[in-house]
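Heads up, the thing below is written out as structure tokens.
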Amino acid sequence: MAENRASEYSEYTEGTPCWVDAQLPDLEAGKRFYGELFGWAFEEQPTGTVRALKDRDPVASLAHKTDGRLPTVWTVSFSTPDADALCARIRAADGRVIAPPAPFGDLGRTALVTDPEGAVFSLWQPGTATGFARRHEPGTFAWVQLYTRDTGTANTFYGDLFQDALFGEGADPEFGRAPVSEVFAPEMPPHLLVHFAVTELEPALERVARLGGRTQVPPFETSYGTAAVVTDNQGASFALLRR
């Protein structure tokens, strides 16, 4: 697979997935799990987070979950040149702003929002950091899938919000949607599921199990590759994707 380096992604179209982060109760356990699973190294950041590196390039971040009431999750961030304006559009489209735009050091500005059904995602307005330095390679971001109960509402909401990234000239979306019942039990809440690329699924699933995680949904075929849904050793769900 061809390398995808930072120079290719110095500017992201609004609505392009540009970063992923995990909120974990035990940061050291998270570093051990993902370090062995994906070959990540880690560096501490002044913001209190830990940046994950693949071949010395930033690909994700881990953060300590300070409030036990919050879920242990992977969250995707979508790029925007103006987080305040995008938050206003989200409110107008019946989404919700959980945390309004705020500086994240000099790296950029971030906001936490939901779509009309409550699926949570982040916005990222770049400062010194635009997003992934690598993606679409083994051990890096590959796709994000929205699982929703109302596909019509989702199509309208995200289609209007991220029109250029999804439908603009030369668009190559890394974001899809499917009914919850297609993969998960009907009672599963709507959510966005982060996918990481792997070379082969079965060895990766074996590593997940050996490291204390589990397979939540065994391998299944999709229009964008073969995926399996897993949880890490602290309960955060994500998917492994082979293309």
Side-chain angles (χ1 to χ4, degrees), residues 1-6 8-9 16-45 47-65 71-78 107 121-122 124 129-145 174-176 191-220 222 224-243:
M1 185 177 297
E3 288 190 353
N4 292 280
R5 301 303 302 274
E8 297 180 47
Y9 302 117
T16 302
C18 65
W19 196 249
V20 289
D21 65 273
Q23 298 282 329
L24 303 173
D26 187 335
L27 206 50
E28 291 303 315
K31 288 163 64 177
R32 290 191 295 271
F33 181 91
Y34 291 103
E36 187 162 347
L37 180 62
F38 292 138
W40 289 351
F42 299 94
E43 62 179 15
E44 305 291 331
Q45 296 295 293
T47 53
T49 61
V50 175
R51 188 161 63 172
L53 308 176
K54 183 71 173 178
D55 299 329
R56 294 185 288 187
D57 287 327
V59 295
S61 58
L62 309 180
H64 176 60
K65 185 177 73 171
T72 301
V73 293
W74 276 98
T75 302
V76 63
S77 294
F78 293 95
L107 300 177
F121 58 97
S122 289
W124 182 254
T130 56
F132 302 117
R134 289 176 179 263
R135 56 183 180 176
H136 306 160
E137 302 174 37
T140 70
F141 171 83
W143 186 263
V144 62
Q145 186 80 344
E174 302 166 340
F175 174 33
H191 63 285
L192 289 119
L193 183 67
V194 172
H195 292 53
F196 293 101
V198 294
T199 305
E200 296 294 340
L201 274 175
E202 289 305 325
L205 292 173
E206 290 171 6
R207 287 198 302 274
V208 166
R210 178 167 50 80
L211 294 166
R214 66 180 181 88
T215 298
Q216 190 174 2
V217 181
F220 59 98
T222 76
Y224 51 87
T226 305
V229 184
V230 300
T231 63
D232 67 15
N233 55 346
Q234 300 180 69
S237 294
F238 59 98
L240 303 173
L241 180 66
R242 179 178 60 78
R243 283 177 154 158

Between [X] and [Y], which heavy-atom pair has the shortest distance, and what is it?
| X | Y | answer |
| --- | --- | --- |
| Gly213 | Phe33 | N-CE1, 3.9 Å |
| Ala204 | Leu240 | CB-CD1, 3.8 Å |
| Lys54 | Pro138 | CE-O, 3.3 Å |
| Ala142 | Arg243 | O-NH1, 3.5 Å |
| Val198 | Phe38 | CG1-CE2, 4.3 Å |
| Ala228 | Pro218 | CB-C, 4.2 Å |

Centroid separation Phe78 to Trp124 less than 6.0 Å: no
I need the [X] [atom1] to [Y] [atom2] distance, nearest 0.5 Å.
| X | Y | atom1 | atom2 | value |
| --- | --- | --- | --- | --- |
| Arg242 | Thr226 | CZ | OG1 | 4.5 Å |
| Trp40 | Arg51 | CH2 | CZ | 13.0 Å |
| Arg214 | Thr231 | CZ | OG1 | 4.5 Å |
| Thr215 | Leu205 | OG1 | CG | 4.5 Å |
| Asp21 | Trp74 | CG | CH2 | 7.5 Å |
| Arg134 | Arg56 | CZ | CZ | 10.0 Å |

What donor-acceptor contacts under 3.5 angstrom involve side-chain atoms of residues 232-239, with partners at least two apart or in another chain?
unit_1, atom_1, unit_2, atom_2, d
Asp232, OD1, Gln234, N, 2.7
Asp232, OD1, Gly235, N, 2.8
Asp232, OD1, Ala236, N, 2.9
Asp232, OD2, Tyr34, OH, 2.7
Gln234, OE1, Asp26, N, 2.7
Gln234, NE2, Asp26, O, 2.8
Ser237, OG, Gln216, OE1, 3.0

Salt-bridge contact Lys31-Glu44 (side-chain N to carboxylate O under 4.0 Å): yes
Chi angles and distances behind the side-chain contact (heavy atoms from CB on, under 4.5 Å) call for Thr75, Gln23: CA-CA 8 Å; Thr75 302; Gln23 298 282 329; 5.5 Å; no
Backbone of Pro25 reached by a side-chain donor or acceptor of His64 within 3.5 Å: yes
Short side-chain to backbone donor-acceptor contact, Thr16 and Cys18, under 3.5 Å: no
Derivation and outcome, side-chain contact (heavy atoms from CB on, under 4.5 Å), residues Val59 and Phe141: CA-CA 7 Å; Val59 295; Phe141 171 83; over 6 Å; no
Option passing side chain to side chain contact (heavy atoms under 4.5 Å, CB included) with Phe196 (candidates Val20, Thr140, Leu241): Val20
Heavy-atom check, side chain of Glu43 versus side chain of Pro58, under 4.5 Å: no
